[in-house]
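These values consider heavy atoms only, across backbone and side chains, with no hydrogens, waters or symmetry-generated copies. Everything numeric here is computed off the predicted structure, so don't read it as measured data.
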There are 2 protein chains.
Amino acid sequence: MPKHVDPDARRQQVVDALFRVVVREGLHRTSLRGVANEAQLNIGSLRHYFASQQELMRFAMQSMIDRVGGRLLARVEQIGDLGSRPRPEQLRLAAELLAELLPLDERRRTEVTVFLDFNAAARTDPAFGDLARKVAEGTRWLLRRILARLDAAGSLRPGLDLDIEAERLAALVDGLGLSGVLHPDLLPPQKSWDVLRTHLEGLARAG
Amino acid sequence: MPKHVDPDARRQQVVDALFRVVVREGLHRTSLRGVANEAQLNIGSLRHYFASQQELMRFAMQSMIDRVGGRLLARVEQIGDLGSRPRPEQLRLAAELLAELLPLDERRRTEVTVFLDFNAAARTDPAFGDLARKVAEGTRWLLRRILARLDAAGSLRPGLDLDIEAERLAALVDGLGLSGVLHPDLLPPQKSWDVLRTHLEGLARAG
DNA sequence: TCCTTTCTAGCACACCCGTGATAGAACGGC
DNA sequence: GCCGTTCTATCACGGGTGTGCTAGAAAGGA
């Protein structure tokens, strides 16, 4: 039983409000006042839970990382042993996992949008540098792991350089996310999905 | 003979200063005062050449588009008839053309960096919306054209969906640009180049 | 009940921003 | 010489920002 409000719930409420503002107006014009307003809180209240703007921003990005990362890990668990499945299902599962990083529905669109803005900011704002780096490393680790599993199951074309292929896959996913967010009319979700499937099938052993 | 200064040269000088500030500090904290300072101009002088901030920003982005677009077109001209060359050279030329969009050296790094920031801003700032859209369409047009030429020369694997492949190539180039700018240590120029070559060779007819 | 902690609300300050307005300098044509 | 145009320089205003600070309300344990 919380005393009055659950501080963690409040923080999440604020973070959700921040995400809405970032999606609507962009990170560069997301102010404390704007977030407080969106969360229907007074700026004074907001500042009771986040000592500074930087703390709020870092907490928000970490929160986003946890959400997406948790979903990815859950899917990895759910898949379990890849080798015991028929190859088409292996590819489908891999594609669905990677599609978690594409703006295919409203939830993922929000996540990718926020994520891109934060990453872009991280280039010049040292407050986000470490987080952005860990995300980039984590993504590559995940991709390498997926490719290694598929390869161990004998589902990949022989002769592939898995290091290069992981980077190629990372670039593809990043690029699809970028275009899907910036130009949804040029790259609708279905097409983005088709491109991903085409790419994976190109990696798979012929047959 | 200019009366005193060449207005066009002044504008270019200002735009170059703006690019340096954007690369160094990010677009979101690129102010008129900052640009004027970088260009060693008084803000009043700067405003004599650009009536408003928006005009400066749009001019700068258009200027960047012209530069990169001009280089791309020049390369297309230079290549000429693709079909008359041996297939390995076709692939090399195509790769070199696409590499114009990757941050492989200081010049291209600046261009890609600025370009990403402007594009990200275009998502929420309607002042850049039309420019970003034309760039996205232009890029896809160029990629489709390259693929079509390679295909007409009989250099591509049969059975490819060129529409999907153009989008896949666009995503790859965008993704490589993004990572190359944000995480140059994880994706150094050489690796980025290798990924691009690998991708193109994957499209090429076996042999 | 009283007291402490938690929470909400708001003011005030210094800072930076884009921009309107103005005035003086530098220059070219006559 | 003079004049008009071009260019440079500066001030002032209104608006938005993050943040330090304070005061009061709300809540729960003694």
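Of all heavy-atom pairs spanning A:L102 and A:R108, the tightest one is O-CB, 3.1 Å. What you find for B:F19 and B:A60 is that their closest heavy atoms are CZ-O, 3.5 Å. Annotation for B:E165 and A:T198: closest pair OE2-CG2, 3.5 Å, computed over non-hydrogen atoms. Between A:A95 and A:L196, the shortest heavy-atom distance links the atoms O-CD2, 3.5 Å. Across all their heavy atoms, A:R109 and A:G180 have their closest contact at NH2-O, 3.1 Å.
Screening B:V112, B:T113, B:N119 against B:L116 for a side chain to side chain contact (heavy atoms under 4.5 Å, CB included) leaves a single residue, B:V112.
Taking only side-chain nitrogens and oxygens, B:Y49 never comes nearer than 4.0 Å to OP1 or OP2 of D:dT6. Residue A:N42 places none of its side-chain N or O atoms closer than 4.0 Å to OP1 or OP2 of C:dT8.
The stretch residues 115-131 of chain A has no heavy atom under 4.0 Å from DNA chain D, so no residue of it qualifies as close.
B:L172 places none of its side-chain heavy atoms less than 4.5 Å from the side chain of B:L98. Residues B:V114 and B:L18 form no side-chain contact, since every pair of their non-hydrogen atoms from C-beta on lies 4.5 Å or further apart.
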Task: Reading 5' to 3' through nucleotides 11-22 of chain C, protein heavy-atom contacts under 4.0 Å coded B for base, S for sugar-phosphate only, - for none - done: -B----BBBB--
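When rounded to the nearest whole Å, the span between CG of A:D8 and C1' of C:dC7 equals 15 Å. Counting to the nearest Å, the C1' atom of D:dG20 and the NE2 atom of A:H48 are 15 Å from each other. In this structure, CD of B:Q13 is placed 13 Å from P of D:dC7, rounded to the nearest angstrom. Rounded to whole Å, atom C1' of D:dA9 lies 11 Å from atom CG of B:L41. Taking atom CZ of residue A:F50 and atom C1' of nucleotide D:dT17, one finds them 19 Å apart after rounding to whole Å. Rounded to whole angstrom, the span from the CZ atom of A:R11 across to the P atom of C:dT6 amounts to 12 Å. Here C:dT8 presents its C1' atom at 16 Å from CG of A:N37, a figure rounded to the nearest Å.
Judged by distance alone, the side chains of A:Q12 and A:D8 never bring a donor and an acceptor atom under 3.5 Å apart.
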